[in-house]
Structures are given as C-alpha cells and as structure tokens.
A.B. asks: 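Please see the structure below; I have some questions.
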Amino acid sequence: MALPGAPINKIVKPNISIWIICFFLYGLSACSTTQHFTARYYEENKDMLVSIRDRFRTSYASQPFSIEFKDKDFRYISYEILNDTMRYIYNFDLEESNLADTLDKYRYNTKEIIGLIADMRSIRCTWISKLDYYENREKKSLVFVSVRHNKLQSFTKGEKYYAIAFFNERQYFDQRGRLTDKSEKKRMREINGQVFRRITDRICYAITGNFR
Amino acid sequence: MQTPCCIPRVVCLLLGFIPLSLKTRVTEKSIPSVTTRQLLLCLVVCCSLQAHAVDKKTFPADSSSGTSTLQEAILYLKTVPFPDSSILWPNVRPVYLMENLNLYVSNPLYAFENKNTNFCGYTAISFITFEKDPLGFIKFILQLYKEGKATMGRVEFKPSDAIRKMAGSLKYKGILDINPATQMWLLTMADHFKGYLNILNHRYQPGDENTVWASTNFAKFNRMLRKLFNWKVKARGADLVRPSIGDLPAFLEERMKTGTVFLYLNNRLLYKKRHVATRMGIPTHYVVLKHISREGDKINILYMDGGRKTMQQISPALLKKIVYGITWCTNK
C-alpha cells in the first residue's frame with residue numbers, strides 16, 4: 001500500500017533494469033546454446049555421422065529398414081522392416097538377444113546392423129531412415145538422421161533434436177543459408193515440415209521438436 | 001511416414017488446463033455462470049458424445065454405392081478417351097491425371113500415400129472407397145475433372161475455386177506431389193465435409209493441408225462413411241473418451257468377421273516422435289484395421305496406413321490406451 005504523499009509512479013512502475021536483465025537472460029537461454037551446438041556438432045562428429053550414413057545406405061540397398069531408439073537411455077529400439085507393400089515394426093530390448101535372431105530371419109547382415117546400432121547409440125543418434133522426395137516428378141531420396149543431445153534440452157523450449165539431411169545431389173540455399181526449392185528459389189523447401197539450413201552443399205541440419 | 005494430427009494443438013491447449021470431469025452434466029442453471037473455456041469444453045464433449053451415441057443406431061444410405069472389380073477398372077482405363085485439359089483444374093495436366101489413375105489400379109496403397117498433411121481420415125476412407133468400387137472411383141475422378149463436380153453415394157461434391165486452383169500443385173507431401181488425382185480427391189473431401197474442429201478455419205488457403213482446416217473429428221468421420229457408402233455404420237468411442245470394452249482384441253476380431261473396421265488412434269503413442277511423456281491422451285490418426293491376432297502376451301495388428309500395410313506387435317495395455325474410436329461397417 002502506498003504511503004500518503006508518496007509518488008505513485010515509483011511504486012507501481014516496474015524498474016526498467018529488471019526488464020533488461022530478464023530480456024538478456026531469456027536471450028541467452030533461447031539462442032546461445034543452440035547456435036553454439038549447431039555450429040560445432042557436425043564438425044566434431046563428422047567421421048562417425050558420415051560412416052553411419054554410408055553403412056546405412058549400403059545395408060538399405062540390400063533390404064530397406066529404419067531404426068529408432070525409443071527411450072532416453074538408448075536401450076530399447078524399434079526396427080522397421082520395409083518392402084514394397086508391407087512394413088513390419090518390431091521392438092527390441094538391446095540387452096536381450098532376440099534382435100539378432102530376427103535380423104537373421106529376415107536375411108539382414110546381422111553383424112553390420114548390430115554394429116550400426118552400436119555406433120548410433122554412441123553418438124545418441126535416435127532415428128535413421130531414408131526419405132523419398134520428388135523434384136520435377138523425379139523420385140529422389142535422402143538419408144535422414146536425428147540426434148538427441150543434452151545440450152538441446154531446455155526448460156523453456158522443451159526437448160529438441162538435431163536433424164541432419166544427407167542429400168545425394170547439390171542443393172540450393174538462400175543468402176541466409178536456408179534450403180530452398182530448386183525451381184522456386186524464393187520458396188523454402190521443407191523436410192518433415194521443417195526448414196533446413198546449410199552445412200555443406202549436400203548436407204543440411206535443423207533443430208526440430210520431433211525426431212522423425 | 002505419415003503422422004498427421006487430427007485434433008489441432010490449439011484445442012488441446014485450450015482444454016489442457018480444464019479439469020476434465022465427463023460425468024458432470026451441464027444443466028440450464030449452470031450455464032450462465034460458466035466461462036468461455038468451459039463452454040468450449042462442453043461443445044467438444046457434446047460433439048464427442050454425439051459420436052459415442054452412434055453405437056446403438058444404424059444409418060442407412062439413400063442411394064447405393066456401386067461395386068466393381070479391379071479388372072473392370074483396368075479395362076475401362078484402356079478404353080476411356082484421354083481427357084482434354086480442363087480450365088476448371090488449371091494445375092492438373094491430363095497426362096499426369098491418367099498416370100495417377102493407372103497407379104490406382106497398379107498400386108492403390110501408394111496412390112493415396114501422403115505426408116505432412118492432416119488427411120489421414122480421408123486417406124483411410126479412400127483405401128476402402130477404391131477397394132470396394134475401383135471403376136466407380138475412376139469414373140468419379142474423371143467426371144470431377146471434366147465437370148468440376150461429381151456425385152458419390154449421397155454426396156454431390158462441388159469443390160471451391162481455391163481447391164481447384166491448388167490441386168496439382170501441392171509440394172513436400174511425399175508421393176502426393178506427383179499424384180494430381182489424389183490431390184483433387186483429398187482436397188475435395190476436406191473442402192466438403194466439415195466438423196466442429198473446422199469451425200475456426202472453414203475456407204481453404206494454401207498450406208491448410210496440415211492445419212485445422214483438414215482435421216477430422218470422430219463424428220465427422222462416421223458421417224462421411226454414412227453419406228458415401230450404402231453401409232450400416234456403427235461406432236464406439238469418442239474424441240476425448242476411450243470406449244469401455246472389456247476384451248478389446250476379441251471385440252475387434254468379432255467385428256472384422258462381418259465387415260470393415262476403422263480405428264481412431266492416439267498415434268503419438270504408437271509412433272513416438274519425441275521422448276517426452278505424452279500427458280494428454282488424444283486421438284490423432286485413422287487407420288483401416290485388416291487383421292488382429294494374439295501371440296503369447298502380445299497382440300499383432302495389421303492395418304492400412306498411408307502407402308503400406310503395417311504389421312506391429314503391441315501389448316494389450318497399449319492397444320487399450322491408443323484406441324479412442326472404433327467404426328465398423330457392414331453391407332446392408
């Protein structure tokens with residue numbers, strides 16, 4: 001309650017310096033971690049990411065599949081076996097042995113797939129798949145990888161994932177490094193509803209709320 | 001893979017903070033004191049219960065949907081004259097339209113596949129529409145292309161200018177990008193059928209394929225089936241309340257013996273897209289159930305879901321948790 005004769009403005013009006021500090025802290029929490037992370041993450045893990053991509057492409061060519069880590073502890077996986085008309089989704093506990101039996105049954109290269117899963121786990125890669133897209137009615141594909149990282153977990157923004165798209169061909173970007181449509185250069189090109197940014201001519205990333 | 005969301009996030013957010021007591025009845029006396037948020041909740045619950053009430057009724061259709069074979073459709077496509085380009089559909093080229101019609105007969109699952117849209121309800125119906133009457137569906141699409149309007153079941157579709165202009169130019173939707181006939185069909189369906197979820201966005205604008213404009217609530221889904229097919233359509237469940245069924249797998253197995261079964265699912269539990277726990281259980285996806293069986297303490301379910309048939313092994317507890325609506329259709 002204001003004292004008699006005291007200037008009301010001083011009591012009611014919030015101190016502007018508090019607002020500046022709050023704004024500054026919010027800016028720090030909103031930008032710094034993510035920007036720092038995206039700039040460095042690919043370079044630091046380039047060898048492993050490229051190796052995972054190449055081995056996935058090779059194994060996929062013999063028999064299509066996708067791999068998902070279902071939990072935060074990277075213990076349970078969902079393995080999707082794909083053919084022309086069917087998709088079989090199996091769930092496995094990596095500490096049990098039935099994954100290898102299933103891979104054998106479907107004639108995958110079991111040793112190769114288990115090695116791939118172990119490497120995905122080592123860099124906290126939570127999802128890998130091949131995505132088809134169309135350019136001028138021509139079917140093309142990319143390898144889509146998502147990484148779950150502690151630096152991307154934020155109290156204010158919730159959980160985020162570092163998604164990487166590996167294209168087979170050179171892509172087009174605007175001046176801000178955003179992936180654009182090949183035919184309409186001003187139109188942002190979306191993958192899973194997200195705008196991606198340039199890492200190299202053929203590799204892009206996005207920070208996204210969903211890993212697939 | 002498809003992961004459309006049929007109940008928009010905005011509705012969930014509005015409802016998220018309301019204590020949900022579905023047993024509470026809104027009486028005339030209580031109405032003047034309720035807040036806007038509570039009124040919105042009442043609206044949603046009423047519409048949900050409307051779908052729930054369908055259980056005890058059957059809904060005969062006035063006109064009968066024809067039935068045909070895939071062979072008849074293939075023969076028809078070989079003999080039908082190539083259509084001229086249509087000013088009604090400026091972005092649909094006849095050559096691509098015919099390519100798409102041929103894809104329907106060679107691989108219907110692929111032909112209806114789409115990504116990053118809220119068309120899952122329409123897609124589930126499309127599989128069955130084509131499966132039951134492939135010739136009728138192809139004739140329907142050609143009539144729609146030539147005349148800008150066409151009739152199916154008890155419905156006369158007459159898509160708006162915005163829809164006709166957009167069909168053929170959707171992008172980043174997977175194989176839907178190159179299937180102009182499927183674009184015409186899905187956009188036309190979404191333009192015609194409206195439910196309470198579409199109140200806030202009735203008119204199509206580019207980009208609305210994955211917004212509230214394309215959403216489908218359970219009552220609307222059942223209404224579409226009743227109007228499009230000459231079937232007895234029965235349903236259990238609602239938009240926010242799971243059906244109370246003791247032995248759900250046995251119930252589904254029994255319904256599958258006599259007709260087609262659609263499931264309205266909480267897809268966020270079936271296909272996780274993030275690792276946070278889903279606090280709010282809401283259904284987000286429609287699929288056509290093709291087979292269900294028990295294997296030990298697990299349930300095998302086979303369903304048609306955008307582009308492929310999917311076989312998945314889940315626990316009975318998860319099945320109970322994800323199923324919000326069951327619609328089964330039998331011939332009259």
Side-chain angles (χ1 to χ4, degrees), chain A residues 64 66 68-74 76 78-92 102 124 126-127 129-140 144 146 148 152-153 158-161 163 179 181-184 187-195 208-212, chain B residues 1-5 9 93 95-96 99-100 106-110 113 115-118 168-180 206-207 209-211 267-277 290-291 298 300-315 318:
Chain A
S66 306
E68 172 202 342
F69 275 93
K70 295 176 77 72
D71 61 326
K72 293 177 181 178
D73 299 327
F74 284 76
Y76 298 96
S78 176
Y79 192 89
E80 295 187 6
I81 296 166
L82 308 167
N83 65 32
D84 286 345
T85 55
M86 286 287 295
R87 171 175 51 204
Y88 301 89
I89 304 176
Y90 290 97
N91 298 317
F92 297 104
T102 306
R124 302 179 70 78
T126 193
W127 170 248
S129 70
K130 192 183 119 189
L131 285 183
D132 294 332
Y133 65 97
Y134 292 83
E135 260 179 17
N136 299 323
R137 299 186 62 80
E138 193 185 338
K139 186 177 177 179
K140 295 182 176 177
F144 189 89
S146 295
R148 186 175 191 276
L152 289 173
Q153 318 308 315
E159 193 167 51
K160 298 282 180 191
Y161 300 91
L179 184 65
D181 194 277
K182 194 174 181 180
S183 52
E184 301 170 59
R187 184 172 177 173
M188 291 304 115
R189 175 175 174 176
E190 293 173 6
I191 304 167
N192 281 352
Q194 286 288 325
V195 173
T208 166
N210 296 326
F211 62 77
R212 62 191 285 184
Chain B
M1 198 203 52
Q2 65 314 304
T3 54
C5 174
R9 203 169 292 168
R93 291 173 61 180
V95 61
Y96 299 145
E99 268 181 30
N100 194 172
S106 62
N107 194 338
L109 278 176
Y110 269 145
E113 187 183 350
K115 288 176 182 171
N116 305 321
T117 68
N118 280 1
S169 55
L170 290 181
K171 271 191 168 182
Y172 318 127
K173 311 292 180 197
I175 199 172
L176 184 65
D177 292 8
I178 60 162
N179 287 335
E209 311 82 50
N210 46 357
T211 67
N267 210 36
R268 289 176 190 181
L269 292 175
L270 197 59
Y271 293 107
K272 280 204 166 191
K273 288 185 159 193
R274 49 198 313 177
H275 292 113
V276 289
K290 298 302 278 184
H291 180 76
K298 297 279 183 186
N300 292 329
I301 50 169
L302 174 67
Y303 52 93
M304 284 160 85
D305 180 23
R308 283 190 177 92
K309 285 180 185 172
T310 302
M311 170 71 93
Q312 195 164 2
Q313 198 170 60
I314 58 174
S315 66
L318 181 61

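Atoms considered below: every heavy atom in the structure, side chains included; atoms not considered: hydrogens, waters and symmetry mates. Throughout, protein chains are lettered first and strands after them, A, B, ... in sequence-line order, and every chain is numbered starting at 1.
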A.B. asks: Heavy-atom distances under 4.5 Å only: say whether A:Phe69 touches chain B with side chain, backbone, both or neither.
C.D. replies: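 Only the backbone of A:Phe69 comes within 4.5 Å of chain B.
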A.B. asks: At a heavy-atom separation under 4.5 Å, does B:Leu302 approach chain A through its side chain, its backbone, both, or neither?
C.D. replies: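 B:Leu302 touches chain A through side-chain heavy atoms alone.
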A.B. asks: Where does A:Arg189 contact chain B at under 4.5 Å (heavy atoms): side chain, backbone, both or neither?
C.D. replies: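 Contact with chain B: backbone and side chain both.
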A.B. asks: Select, from A:Arg148, A:Lys139, A:Met86, the one with the greatest count of heavy-atom pairs under 4.5 Å involving chain B.
C.D. replies: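 Among A:Arg148, A:Lys139, A:Met86, the one with the most close pairs to chain B is A:Met86.
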A.B. asks: Check whether any side-chain heavy atom of A:Glu190 sits under 4.5 Å from a side-chain heavy atom of B:Asn116, and report yes or no.
C.D. replies: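 Not touching, per the 4.5 Å side-chain cut-off.
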A.B. asks: Is there a side-chain contact between B:Asp177 and A:Tyr133 (heavy atoms, below 4.5 Å)?
C.D. replies: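 When only atoms from C-beta onward are counted, A:Tyr133 and B:Asp177 do not touch, as no gap falls below 4.5 Å.
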A.B. asks: Rounded to the nearest 0.5 Å, what's the gap from OG1 on A:Thr85 to CG on B:Asn107? Could you check?
C.D. replies: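 Those atoms lie 8.0 Å apart.
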A.B. asks: Counting only heavy atoms closer than 4.5 Å, note whether A:Asp71 contacts chain B via side chain, backbone, both or neither.
C.D. replies: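 Contact with chain B: backbone only.
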A.B. asks: For the side chain of B:Arg308 and the backbone of A:Tyr88, is there at least one donor-acceptor N/O pair under 3.5 Å apart?
C.D. replies: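 Here the side-chain-to-backbone pair does not exist.
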A.B. asks: With chain B as the partner, which of A:Thr208, A:Asp132, A:Asp84 has the greatest number of non-hydrogen pairs under 4.5 Å?
C.D. replies: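 Going by pairs under 4.5 Å, I would pick A:Asp84.
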A.B. asks: May I ask you to decide if B:Ile178's main-chain N or O and A:Arg137's side chain share a donor-acceptor pair within less than 3.5 Å?
C.D. replies: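 Between the backbone of B:Ile178 and the side chain of A:Arg137 there is a qualifying donor-acceptor contact (under 3.5 Å).
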A.B. asks: Look at atom CZ of A:Arg187 and say whether more than 12 heavy atoms of other residues, nucleotides or ligands are closer to it than 6.0 Å.
C.D. replies: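 Yes, enclosed.
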